[in-house]
Amino acid sequence: MTETKQSIHGAWSSRFAFILAATGSAVGLGNIWKFPYITGENGGGAFVLVYLLCVALIGIPIMIAETMMGRRGRQSPINTMQTLARDAGADESWHYLGWLGVVTGFLILSYYSVIAGWAISYVFKSLSGSFYGDGDSVDHIAKLFDGFIGSPMQLVFWHSLFMLATMAVVVRGVQGGLEKAVRFLMPSLFALLLVMVGYAMSSGAYQQGLDFMFDPDFSKIDGHSILTAMGHAFFTLSLGMGAIMVYGSYLPKGVSIAKTSFIVAGADTAVALLAGIAIFPIVFANNLEPSSGPGLIFQTLPIAFGQMSGGLIFGTLFFILLVFAALSSSISLIEPAVAWLVENHNITRKKACVWAGLLTWLLGLGTVFSFNIWSDFKLFDRTIFNLLDYLTANLLLPIGGFFVAVFAGWIMLRQHSEEELEIGSAPAYDLWRFLVRYVSPAAVFLVFLNVVGVL
Ligand code: PHE
């Protein structure tokens, strides 16, 4: 294992650049689109509490492990796993863990891009004043959304545009445009969320929204909600598929991995909670259903934008920032595959992007049609979109994360992880090791057992 080796794909310019990129990966549709609607579907407070516990006990230790493994391996997750396994004297079939990540990334991006396409389209809807209608605004916004997702041509168009944007950034390498863009977009998104929270405070149902999110009622959750909460902790922190691993492989030496992981996880959680605090009061003030599903933010926020002063500007800005948040996540979903193609097939980054992008785009059509012409087509009782979402977030990411924890805790030599993490204080390192060896894998395992009814 050469300590000074750099990734052939380049390196982040600084610790701050890594924090921005990793936060960019973590903060995305998961926080603003998905967290509110799954919280709504799973009854609120108790679900939020389980999610927060999962972030702390499973997410953060695994984020530290993934970043550490990436930085030590310095290659795409597939090759990193192979190198690390060899170094530890373990079986090289550990590189299949890298493969699992690549496949999971493809599957996630295929539907992620469709939803991000919705967000792009809503930028233009806002700008053209479509959120203002005569008569009942709730009804008007609902019709706008239903008409939109009912049109396969429109969804294909916006999905294609988002995939093109993603590939355009990935071709340039992550450091090029994105490092700079994220630098001011992330703080702007945060500020705009605060504006929305401000509006929610005045909406008349602020307290009701807060109670829904923070007053746990455990009778509202079951094994399935717990699995969803845990899966979401992986999804929102970009863990279990190699995104954080590949970003870690571009991380210079001498940066504290533990500290950066706390910062990234903290920022990610803050954005999700703010999004919920902004959205639920609007839901209750307008007598909407919290459990209305993936359309939730598209059916609630436009009502607020249509009513508040300056709503046209705020609405437009909000959806622009949401698109950028999605973009800084989508590039990390495809980066492990692109890095591997470049390393192992000796093709240019550009070619790798074209192939990876085309494949994802094609897969995404399944999600597009699941909202309209194929909405009655169900496998395991789920539409294609629901199936992909369940398979990736609730199964593949936790399985990937489980094996990352097992590898970091049990397979890698203690000396290697200690060296790489440079935590300094022995108790802090021991605590991390205890968490990845026992707590995180056991928790994932128990949640799975519980959902299949063994517990
Ligand atoms: N974390 C991203 C979000 O919350 C999604 C993502 C998942 C990105 C897995 C990379 C890997 O939107």
Side-chain angles (χ1 to χ4, degrees), residues 19-39 51 54-55 58-60 62-63 66-67 70 76-77 98 100-119 162 166 169-170 174 178 182 185-186 189-190 193 228-248 261 264-276 294 297 321-339 356 360 388-401 404:
I19 293 181
L20 282 176
T23 309
S25 168
V27 174
L29 296 176
N31 307 61
I32 295 167
W33 159 73
K34 191 171 179 190
F35 172 73
Y37 92 74
I38 56 176
T39 298
Y51 152 75
C54 291
V55 167
I58 308 175
I60 294 177
I62 292 184
M63 183 178 278
E66 258 201 44
T67 317
S76 70
L100 178 73
V102 166
V103 173
T104 310
F106 270 119
L107 296 177
I108 296 180
L109 185 54
S110 77
Y111 66 82
Y112 203 85
S113 165
V114 175
I115 311 294
W118 296 3
F162 185 78
T166 300
V169 177
V170 180
V174 188
L178 206 92
V182 177
L185 289 169
M186 281 295 141
L189 180 69
F190 206 76
L193 273 175
T228 305
M230 179 182 77
H232 188 65
F234 282 99
F235 185 88
T236 191
L237 297 174
S238 305
L239 296 175
M241 54 71 57
I244 291 295
M245 197 183 284
V246 82
Y247 276 15
S261 299
V264 174
D268 185 77
T269 308
V271 172
L273 294 179
L274 280 179
I297 66 159
L321 293 172
L322 184 58
V323 172
F324 276 97
L327 196 59
S328 61
S329 301
S330 64
I331 56 169
S332 70
L333 281 162
I334 199 89
E335 180 67 18
V338 170
T360 325
L388 282 174
D389 171 46
Y390 192 89
L391 178 72
T392 52
N394 291 11
L395 303 178
L396 298 179
L397 293 180
I399 291 172
V404 164

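Only this structure's heavy atoms are used, side chains among them; waters, hydrogens and symmetry mates stay out. Order of appearance sets the numbers: ligands from 1, and atoms from 1 within every ligand.
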Any idea which protein heavy atom is nearest [atom], and the distance to it?
atom                    : result
atom 12 (O) of ligand 1 : Y112 OH, 2.5 Å
atom 3 (C) of ligand 1  : A26 O, 3.3 Å
atom 5 (C) of ligand 1  : F235 O, 3.6 Å

Test item: [X] side-chain N/O and [Y] main-chain N/O as donor-acceptor pair under 3.5 Å:
X    : Y    : value
W33  : P294 : yes
T104 : M241 : no
D268 : N31  : no
E66  : G240 : yes

Number the atoms of ligand 1 from 1 as they appear, then name those within less than 4.0 Å of a heavy atom of T236, with their elements.
1 (N), 4 (O)
Region of K34 engaging ligand 1 - heavy atom pairs below 4.0 Å
neither
Could you grab the distance from atom OH of Y112 to atom CD1 of I334, nearest 0.5 Å is fine?
13.5 Å
Ring-plane angle category for F235 and Y111, please: parallel below 30°, perpendicular beyond 60°, tilted otherwise.
parallel
When only distance counts, is G30 in polar contact with ligand 1, meaning an N/O pair under 3.5 Å?
yes
Between L29 and ligand 1, is there a nitrogen or oxygen pair with a distance under 3.5 Å?
yes
Check: of G24, S25, S238, min heavy-atom distance to atom 9 (C) of ligand 1 comes from S238
